[in-house]
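Since the structure comes first, as structure tokens, the remarks are kept for the end.
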Amino acid sequence: MIAGDSRTAAVVLAAGQGTRMKSKLQKVLHPVAGVPMVEHVLAAVGESGVPRALLVVGREAEQVRRALGARVEYVEQARQLGTGHAVAQARPVLAGQVDTVLVLYGDTPLLRGATLRSLLDLQAGRAPAVTMLTATAADPAGYGRILRDERGRVAGIMEEAVASPEQRQVREINSGVYCFRASWLWPHLERVQLSPKGEYYLTDLIAMAVGEGEEVETVTLAEASEAMGINDRVALAEAERVARSRVRERLMRAGVTFVDPGSCLVDATVAIGQDTVIWPNCLLRGSTRIGADCQIGPGAVIEDSSVGDRSRVVASFLESARVEDDVTLGPFCHLRPGAHLAGGVELGNFAEVKQSYLGPGTKMHHFSYLGDATVGAGVNVGAGTITCNYDSETRTKSRTVVEDEVGLGSDTMLVAPVRIGARSTTGAGSVVTRDLPPDSVAYGVPAVVKRARRPLVEKKT
Ligand code: UD1
Ligand code: CA
């Protein structure tokens, strides 16, 4: 935190209806790179060193509170009477507590913390009435336009809805980020007049400050996309594109290879280790953690899962799974919630694992399903092996235990609950309904123990 910032607070506006999104979901909760857009705004505030953020909520306030929880302070705007009115709701909480108020809109997810910092630094200098962030947009449609006098000084902000055709030609836009001197802000908010559109525009404060001879400072963004405000799903997709490319760029700079970056989508929350290669068409989501020196893809979808170092995942789907080091998966594996693969496990095509642990070095190469199972180390799961873990009569699920170094023959059906003792083997097509003791050989339907397993012949050298 930067010294002096304890006298600064941010007010983030998120009470609006977001009509143009045409959505049941509150606008600021729509995800960008896998994270609700307002969380990007709050993260930028945090990065800038401002220690306190108030979120103004109104429409679908409950949704917002549920999504963000106790991480922020909330202020209610009961009726959405405009951005000026929204900021005024923070006054009872902040008046007398802070000297500087940073105002932002919850629908601008691409803002960077460093940009907010430069605004705060400029404001900290001479403490003008306001320092605001502007940008030069290729297409300024939908934004408030910055009006400047003949000497280039800011004269005010003209909202598009009430702008003249000439004013609409202006390409310098209001990004909706302002740093106010608190002692100037609070009394002046009360003097904002109702606009012809029936709202109290925060933007009217700029002309008010200029009219009083107050200073208005501006910071102009180098990269206009950073100022993007999301009002509809077209803008949402554009912000998504920019945010996703930033995520990939950050990872590439940290030592991750993307063979075809544009074909891969990685949430902002995902971590990937050094020298891992991401092949085309991968989707990495949520709390996913991938280790170093892995080969991921082509065609991997990994959600809320961890993958250890030196592992390989080809054309497979992982959800809430845990994969340790040196594991090989795919093509066409499905790891479902609760799958936990120990080091060196190999899963081949059409292998499905759910709520199961597979011990070190266990192999399951073809067409198999393990559900609610605990499998030891060095087990070979033959082609077509399936845990019959669900009893449709009792509607209960039961567990299967396969001890170390078992060899399950092709098409073994493990009717749970059942335990296969260490080093036992089953013959092809066995339907195992009863526990097998260690070191036995069983086959048949239902499978019975036929004999003891012969000791392994040591190869003579
Ligand atoms: C606003 C600015 C415009 C700027 C643009 C930048 C005003 C009047 N206009 O326009 O100059 O170029 O953002 O993106 O400020 N909100 C409330 N309560 C309300 C109304 C809005 O909390 O009563 C919130 C919304 O949830 C939203 C933010 O304020 O997060 C901005 O509102 P929005 O309607 O999106 O304003 P724009 O038309 O985009
Ligand atoms: Ca907006």
Side-chain angles (χ1 to χ4, degrees), residues 10-21 23 25-30 32 36-42 45 53-61 63-64 68 72 74-90 103-111 130 132-137 139-147 154 156-163 167-168 170-178 180 189 192-208 218 220-221 224-236 238-239:
V11 176
V12 179
L13 307 190
Q17 188 154 14
T19 320
R20 292 164 279 183
M21 290 297 279
S23 178
L25 186 64
Q26 221 291 350
K27 174 165 77 170
V28 302
L29 295 182
H30 277 262
V32 170
M37 62 172 108
V38 68
E39 283 202 39
H40 289 278
V41 178
L42 293 167
V45 169
L54 258 63
L55 194 63
V56 182
V57 292
R59 289 283 173 160
E60 305 298 348
Q63 273 186 21
V64 181
L68 300 181
V72 272
Y74 299 93
V75 174
E76 197 85 23
Q77 186 193 21
R79 290 174 63 210
Q80 286 67 57
L81 299 177
T83 48
H85 179 259
V87 175
Q89 307 312 301
V103 174
L104 314 93
Y105 300 159
D107 64 353
T108 53
L110 299 177
L111 283 171
V130 55
M132 53 183 270
L133 185 66
T134 77
T136 307
D139 176 12
Y143 292 93
R145 309 299 205 279
I146 307 297
L147 305 182
V154 172
I157 301 173
M158 189 53 68
E159 286 308 301
E160 182 167 88
V162 289
Q167 287 167 337
R168 287 184 186 205
V170 173
R171 284 173 50 223
E172 189 182 8
I173 58 141
N174 169 30
S175 66
V177 185
Y178 327 77
F180 290 101
L189 273 175
V192 173
Q193 300 293 306
L194 211 56
S195 79
K197 293 282 170 183
E199 286 189 23
Y200 296 96
Y201 289 154
L202 182 66
T203 45
D204 284 357
L205 286 179
I206 306 302
M208 216 184 273
T218 57
T220 302
L221 277 170
S225 67
E226 204 185 315
M228 195 189 296
I230 312 306
N231 294 327
D232 61 23
R233 308 230 191 191
V234 177
L236 179 67
E238 179 60 14

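Counting convention: from 1, in listed order, for ligands and their atoms alike. Quick caveat: nothing in here was measured; it's all calculated off a predicted structure.
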message = I'd like to know if the side chain of Q80 and the backbone of G16 have a donor-acceptor N/O pair within less than 3.5 Å.
response = no
ask   = Where the side chain of R145 meets the backbone of I173, is there a donor-acceptor pair that is under 3.5 Å apart?
value = no
Under 3.5 Å: donor-acceptor pair, side chain of Q89, backbone of H85 = yes
query = Distance from Q17 atom CD to E60 atom CD, nearest 0.5 Å?
reply = 8.5 Å
ask   = Rounded to the nearest 0.5 Å, what separation is found between the CZ atom of R59 and the CZ atom of R79?
value = 10.5 Å
query = So how far is it from T218 OG1 to N174 CG, rounded to the nearest 0.5 Å?
reply = 11.5 Å
message = Tell me how many protein N, O or S atoms are within a distance shorter than 3.0 Å of the Ca ion (ligand 2).
response = 2
request  = Can you spot which of L205, V75, V103, L54 makes a side chain to side chain contact (heavy atoms under 4.5 Å, CB included) with V87?
outcome  = V103
ask   = In Å, rounded to the nearest 0.5 Å, how long is the span from CG of L147 to CE of M158?
value = 5.0 Å
task = Enumerate the protein residues lying less than 4.0 Å from ligand 1, judged by heavy-atom distances, in chain and residue-number order.
result = L13, A14, A15, G16, R20, K27, Q77, Q80, L81, G82, T83, A86, Y105, G106, D107, Y143, G144, E159, N174, S175, Y201, T203, G229, N231
query = Going through the distances and angles, do L189 and L202 end up as a side chain to side chain contact (heavy atoms under 4.5 Å, CB included)?
reply = CA-CA 8 Å; L189 273 175; L202 182 66; 3.9 Å; yes
